[in-house]
Each structure stands twice: as structure tokens, then as C-alpha cells.
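Notes to accompany the following structure.
If you're wondering where the values come from, they're calculated on a predicted model, not measured in any experiment.
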Amino acid sequence: MATMWHQQIFALDAKYNTLRATKLSSLGMLYIRRRNQLLREKFSRDLEIVTQYLKLRSKLLCRRYGDCQEQNSIGSHTINEESLEKKMKHHTIQRKSTAENFAFAGVHHVFDQHKTAVSMLKFANNDRSKLCCASLDGTLSICEVISTPPKVIALLEGHHNGVTALDWSICNDLIVSSSLDATIRLWRVCVDMEPSCLRVVNDQQRAEVLCCSFIPANNNLIIAGNSQGLIQILNVSTGIYTRGGSCKIGGKILSLTCEGSGGSIIWAGNDRGVIVSFRLEPGIGRLTKLQRVLETGSMITSLSWRSWLSKDAPWAALLINSACNMVLLYHVVDSHGSLCFWRKYPIKHRYYSLRSTFCPQMGACLIATGSEDGAVHLLDCAREGKSARINRLHGHATSTITLSFNYDESLLASADHDGLVILWRNHQRHL
């Protein structure tokens with residue numbers, strides 16, 4: 001049951017919900033997402049802390065959306081409802097199809113700072129302008145993509161071999177990277193300071209580290225997988241692997257993903273086509289192996305978790321890139337991470353570690369995936385067969401390895417085996 005403080009926060013968010021939806025209709029879903037998140041969290045009993053939280057949140061919302069004046073009189077409330085109804089009718093008339101809403105047709109910019117394959121791209125959380133690229137040339141780069149012209153603002157050097165994966169912390173002040181040099185590095189990337197490497201941690205087995213990610217429920221913990229089949233939890237503050245935070249599944253761990261709602265369920269995929277689920281205790285970093293949930297027969301190069309608020313997909317889903325010339329979509333059916341088949345779509349994928357991603361907004365069941373034919377495929381997973389393909393972007397001369405949306409879907413970044421990064425602009429969104 002919601003507490004008094006929950007209700008006050010819901011009321012504050014609801015005041016700005018109309019403004020969000022007016023500026024960008026898909027942002028109206030943020031109210032529901034934030035409500036669900038708060039209901040899962042435990043509030044502090046310190047009245048001063050929760051009061052300060054309300055004040056800060058009110059200031060942030062006011063700065064982002066402008067002053068929101070409450071309507072006190074019955075007459076003004078009626079007028080406000082009528083104007084809102086007109087706006088809703090206007091939006092209904094102008095509602096576009098999924099293909100039109102995701103018309104990534106124009107090239108916004110091309111980056112070529114990396115000379116070998118870009119293994120991973122990721123936009124900063126709730127920041128449409130910062131993009132980080134990891135490359136097998138051993139470096140990471142941070143790009144400012146909204147400036148005129150877009151530019152590389154930082155180059156993170158220090159790894160002695162190819163960088164295999166990266167992730168931003170929730171506040172975007174830290175980046176974690178894994179490498180073929182058998183290390184995990186933590187980088188500080190604050191706005192008012194030069195980027196620097198805060199910590200270098202060797203893999204427990206001195207093996208190549210092939211994937212890494214912050215734990216959503218506790219950004220003081222990092223999960224990583226190595227080439228010896230070991231899953232391991234690392235404490236950011238101490239630089240020490242947690243007690244009881246290691247499990248071995250065999251093969252090479254090529255991909256990881258965490259349940260975003262609480263971070264308690266983790267899935268790992270290896271080069272043998274096996275996906276295993278784990279339960280994590282986010283407070284202490286203890287990892288427990290649950291079960292082998294899937295065997296595809298081909299290497300699992302990418303895993304992505306998403307829980308939609310959509311009539312087309314009212315469940316959590318797992319998006320899987322397996323080198324069997326298919327991108328696969330499964331329902332998550334229980335608390336042990338069990339999977340039930342939903343959809344599959346053909347793409348060209350046999351040799352490289354291709355990645356795919358869900359669209360960040362939850363209004364449409366859209367996924368984007370790289371392909372060894374050099375194209376970026378945009379798919380509507382509410383549909384089946386050929387009708388699911390709503391767009392295909394051509395611009396890369398070699399295999400498209402990885403891609404990423406920014407949070408408002410105004411830009412899509414894709415990178416290929418030669419290190420070329422292309423920013424595709426969505427003309428239905430404003431930069």
C-alpha cells in the first residue's frame with residue numbers, strides 16, 4: 001500500500017504529466033513507470049530526507065517542464081479539461097504508424113575515430129547527447145552528438161588490448177569497461193573534470209573479460225563474464241570481488257543482462273549457445289545459480305531485458321542474438337528467469353558478436369538489430385513475418401556489430417566491423 005509520501009510524489013508527478021505528454025506523447029508513460037518504481041522501493045523514515053526529496057524533485061520538474069500552475073476553481077478546471085480534450089483529439093487525428101514514428105532515414109553524423117571494430121555503443125542514461133564507444137583498438141571514446149557539429153570530447157586510453165564492453169552508471173559519472181587484456185577498468189567522466197581511470201582490477205583467473213555491466217539495483221556492484229566461463233561480481237568501492245559472488249557455467253561468457261526492475265535476476269549467455277539464469281542479492285553481491293533456461297546451439301552474443309507497459313506485450317521479455325541467422329524474443333515467465341518462446345526474425349548472423357536492443361520508450365514493441373549484411377534492421381515485434389520489418393538502414397560497408405538509441409529516440413547510433421559509427425536521425429523527433 002502506498003504511504004503518504006508516495007502519494008505526495010505521485011501527485012507532484014501527475015501535475016506535470018500533461019506537460020510531458022504535450023511536448024512528447026510517449027513521455028506520458030514516465031508517470032506510470034515512476035509510480036511502479038516507487039512502489040517497489042522502501043522510503044526513508046527520516047521526515048527531513050523525504051521532505052527534501054520532494055523539494056528537489058519539484059525544482060527539477062519545474063526546470064525541465066516549466067512552472068505548472070494548479071487549477072483551483074471549478075470553472076478553470078472545466079476549461080482546462082476541455083482544452084486537454086481538444087489536444088487529445090488533435091493527437092489522435094495526427095497519430096502516425098510505427099514505421100512513421102521510427103523513420104530513421106537521414107544520416108546525422110559519421111564518426112571514424114576508431115580504426116578497428118567498435119564492439120559496443122551506449123548512450124548515457126536519460127541524456128540524449130552523450131554517446132560512448134568501445135573499440136577493439138583498446139580505447140573508448142565519448143562523443144557529444146547534439147552539438148554543431150558533433151564531436152569527440154574524450155578519448156579513454158589505458159587498456160592494453162581490445163575493449164569488449166562498457167556500461168554507464170545511473171548518474172552517468174562513471175563508466176565501466178572490460179577488455180581482452182584481462183582487466184576491468186572504472187572511469188570517472190564527470191562534466192566539470194577531465195576523464196580519468198579510477199581503478200584497474202585484474203580478472204580473478206587472469207582471463208579475457210568479454211562482458212560487463214553495472215547492477216541496476218546497486219551501482220556499487222559490477223557483474224562481468226570472462227573467457228573461462230566465470231561470472232563474477234565486483235565491488236566498485238573496494239575493487240574486491242564479493243564473497244559468494246562467482247559462478248562458473250563453462251564456455252566463454254559473451255553476454256549478460258540484468259532484470260532492470262530490481263536487478264535480482266541475471267542471465268548469461270556463452271559461446272556454446274547456453275543461457276543460464278542467476279539470482280543476485282544486490283545488497284551483498286552474493287550470486288546463486290538458478291537453472292539452464294535455454295540452448296540455441298549457436299553462440300549467444302547479446303542479451304537484453306525489457307518490461308513493457310503495452311497491450312501488445314504486458315510481460316517482461318528477453319531479446320537474444322544467437323549466431324543461427326536469427327534474432328530471438330522470449331517471454332520471462334517466472335522468478336527463476338525461465339523463458340517461453342515468443343518471436344523470431346531472420347537476420348544474417350554467423351560469425352561476429354552482433355548486438356540488438358529494445359527501443360527505450362515503452363510505447364512501441366520495437367527492436368533494432370545489427371546484421372552481417374551491413375544493414376540496421378528495425379522490427380515491430382507486435383507483428384510476425386515480413387510485416388514486422390518496418391525499416392532497414394543502409395550505410396555500412398561491413399557487418400553492423402552494435403547499436404544504441406538515445407533516451408528520446410531522436411537518434412540511433414550504429415557501428416560496424418571497420419570502426420565506423422553512423423548517427424541516424426529520426427525526423428519525427430526534435431534535436
Quiz prompt | Test item: Ile367 and Leu379 side chains (from C-beta on) under 4.5 Å apart, heavy atoms | solution = yes
Quiz item: Going through the checks in order, is the side-chain contact (heavy atoms from CB on, under 4.5 Å) test met by Leu174 and Phe214?
Solution: CA-CA 10 Å; Leu174 298 173; Phe214 282 101; 4.1 Å; yes
Quiz item: Short question: side chain of Arg279, backbone of Gly337 - any donor-acceptor pair under 3.5 Å?
Solution: no
Quiz item: Between Leu412 and Leu393, does a side-chain contact (heavy atoms from CB on, under 4.5 Å) hold up when you go through it step by step?
Solution: CA-CA 11 Å; Leu412 170 65; Leu393 307 178; 4.0 Å; yes
Quiz item: Is the backbone of Ser119 close enough, under 3.5 Å, to the side chain of Arg355 for a donor and an acceptor to pair up by distance?
Solution: yes
Quiz item: For atom CZ of Arg292, is the number of surrounding heavy atoms from other residues, nucleotides or ligands below 6.0 Å larger than 12?
Solution: no
Self-check item: N/O donor-acceptor pair under 3.5 Å between Ser298 side chain and Ala323 backbone
Solution: yes
Practice problem: Pick out which of Lys151, Arg128, Lys130 makes a salt bridge (Lys or Arg N to Asp or Glu O under 4.0 Å) with Glu144. | Solution: Lys130
Practice problem: Please tell me if the side chains of Leu280 and Ile215 come closer than 4.5 Å, counting only heavy atoms from C-beta onward. | Solution: yes
Quiz item: In terms of side-chain geometry, is the basic nitrogen of Lys348 or Asp373 positioned less than 4.0 Å from the acidic oxygen of its partner?
Solution: no
Exercise. Decide whether Ser179 and Asn161 meet the rule of one side-chain donor and one side-chain acceptor closer than 3.5 Å.
Key: no
Quiz item: Is the side chain of Ser414 donor-acceptor paired with the backbone N or O of Leu403 at a distance under 3.5 Å, no angle test?
Solution: no
Practice problem: Might you point out which heavy atoms bring Ala165 and Cys211 nearest each other, and give the distance in Å? | Solution: CB-CA, 3.8 Å
Quiz prompt | Side-chain donor-acceptor pair present, Asn226, Asp203, cut-off under 3.5 Å | solution = yes
Quiz item: Is there side-chain contact between Val176 and Leu234, with at least one heavy-atom pair below 4.5 Å?
Solution: no
Exercise. Check the pair Leu221 / Asn235 against side-chain contact (heavy atoms from CB on, under 4.5 Å), numbers first and verdict last.
Key: CA-CA 5 Å; Leu221 299 179; Asn235 186 299; 4.3 Å; yes
Quiz item: Heavy-atom distance under 4.5 Å between the side chains of Ile231 and Ile266, does that happen here?
Solution: no
Quiz prompt | Ser277 side-chain N/O to His336 backbone N/O, donor-acceptor pair under 3.5 Å | solution = yes
Quiz item: Would you say Gln113's side chain and Val152's backbone share a donor-acceptor pair under 3.5 angstrom?
Solution: no
Quiz item: Does any non-hydrogen side-chain atom of Met299 lie less than 4.5 Å from one of Arg272?
Solution: no
Quiz prompt | Donor-acceptor side-chain pairing of Thr164 and Ser178 below 3.5 angstrom | solution = yes
Quiz item: What distance separates Leu131 CG from Lys122 NZ, expressed to the nearest 0.5 Å?
Solution: 11.5 Å
Quiz item: What's the shortest heavy-atom distance between Arg185 and Cys197, and which atoms?
Solution: NH1-SG, 3.4 Å
Quiz item: Does the pair Ser169 and Asn219 meet the rule for a side-chain hydrogen bond (donor to acceptor under 3.5 Å, both in side chains), with working shown?
Solution: CA-CA 6 Å; Ser169 64; Asn219 266 200; 4.5 Å; no
Self-check item: Stepwise side-chain contact (heavy atoms from CB on, under 4.5 Å) test for Phe123 and Val145
Solution: CA-CA 10 Å; Phe123 278 96; Val145 299; 3.9 Å; yes
Quiz item: Roughly how far, to the nearest 0.5 Å, is the CG atom of Asn321 from the CG atom of Leu319?
Solution: 6.0 Å
Quiz item: Between Trp315 and His331, what is the ring plane arrangement, given parallel below 30°, perpendicular above 60°, and tilted in between?
Solution: tilted
Quiz item: Is a donor on one side and an acceptor on the other found under 3.5 Å between the side chain of Asn391 and the backbone of Leu378?
Solution: no
Quiz item: Which of these passes ring pair (Phe, Tyr, Trp, His ring centres under 6.0 Å) with Phe111: His108, His109, His114?
Solution: His109
Quiz item: Can you name the nearest heavy-atom pair linking Ile184 to Ala224, along with the distance?
Solution: CD1-CB, 3.6 Å
Quiz item: Does the Ser404 side chain pair with the main chain of Ala413, one donor and one acceptor, at a distance under 3.5 Å?
Solution: no
Quiz item: Is the side chain of Asn270 donor-acceptor paired with the backbone N or O of Gly229 at a distance under 3.5 Å, no angle test?
Solution: no
Quiz item: At their closest point, which heavy atom of Ile142 faces which heavy atom of Cys132, and how far apart are they?
Solution: CG1-SG, 4.2 Å
Self-check item: Reported SG-to-CG distance for the pair Cys133 and Leu121, which is rounded to 0.5 angstrom
Solution: 5.0 Å
Quiz item: Considering all heavy atoms of both residues, which atom of Gly138 and which atom of His159 are nearest to each other, and what is their separation?
Solution: O-CB, 3.5 Å
Exercise. Verify salt bridge (charged side-chain N to carboxylate O under 4.0 Å, His left out) between Lys115 and Asp137, making sure each step is shown before the conclusion.
Key: CA-CA 7 Å; Lys115 303 307 178 186; Asp137 64 10; over 6 Å; no
Practice problem: Pick out which of Ile401, Thr398, Thr116 makes a side chain to side chain contact (heavy atoms under 4.5 Å, CB included) with Asp418. | Solution: Thr398
Self-check item: Residue pair Val332 / Leu339, side-chain heavy-atom distance below 4.5 Å
Solution: yes
Self-check item: Distance in Å, Leu329 CG paired with Ser304 OG, rounded so as to fall on 0.5 Å steps
Solution: 10.0 Å
Quiz item: What heavy-atom pair brings Cys247 and Leu287 nearest, and what distance separates the two atoms?
Solution: SG-O, 3.8 Å
Exercise. Find out whether Thr369 and Tyr345 are in side-chain contact, i.e. whether some heavy atom of one side chain is under 4.5 Å from a heavy atom of the other.
Key: no
Quiz prompt | Side-chain donor or acceptor of His349 paired with backbone N/O of Tyr352 under 3.5 Å | solution = yes
Quiz item: Can you find a heavy atom in the side chain of Leu354 that is under 4.5 Å from one in the side chain of Glu372?
Solution: yes
Quiz item: Out of curiosity, Thr242 OG1 to Ile233 CD1, how far, rounded to the nearest 0.5 Å?
Solution: 5.5 Å
Exercise. To the nearest 0.5 angstrom, please state how far the CG atom of Leu366 sits from the CD atom of Glu409.
Key: 7.5 Å
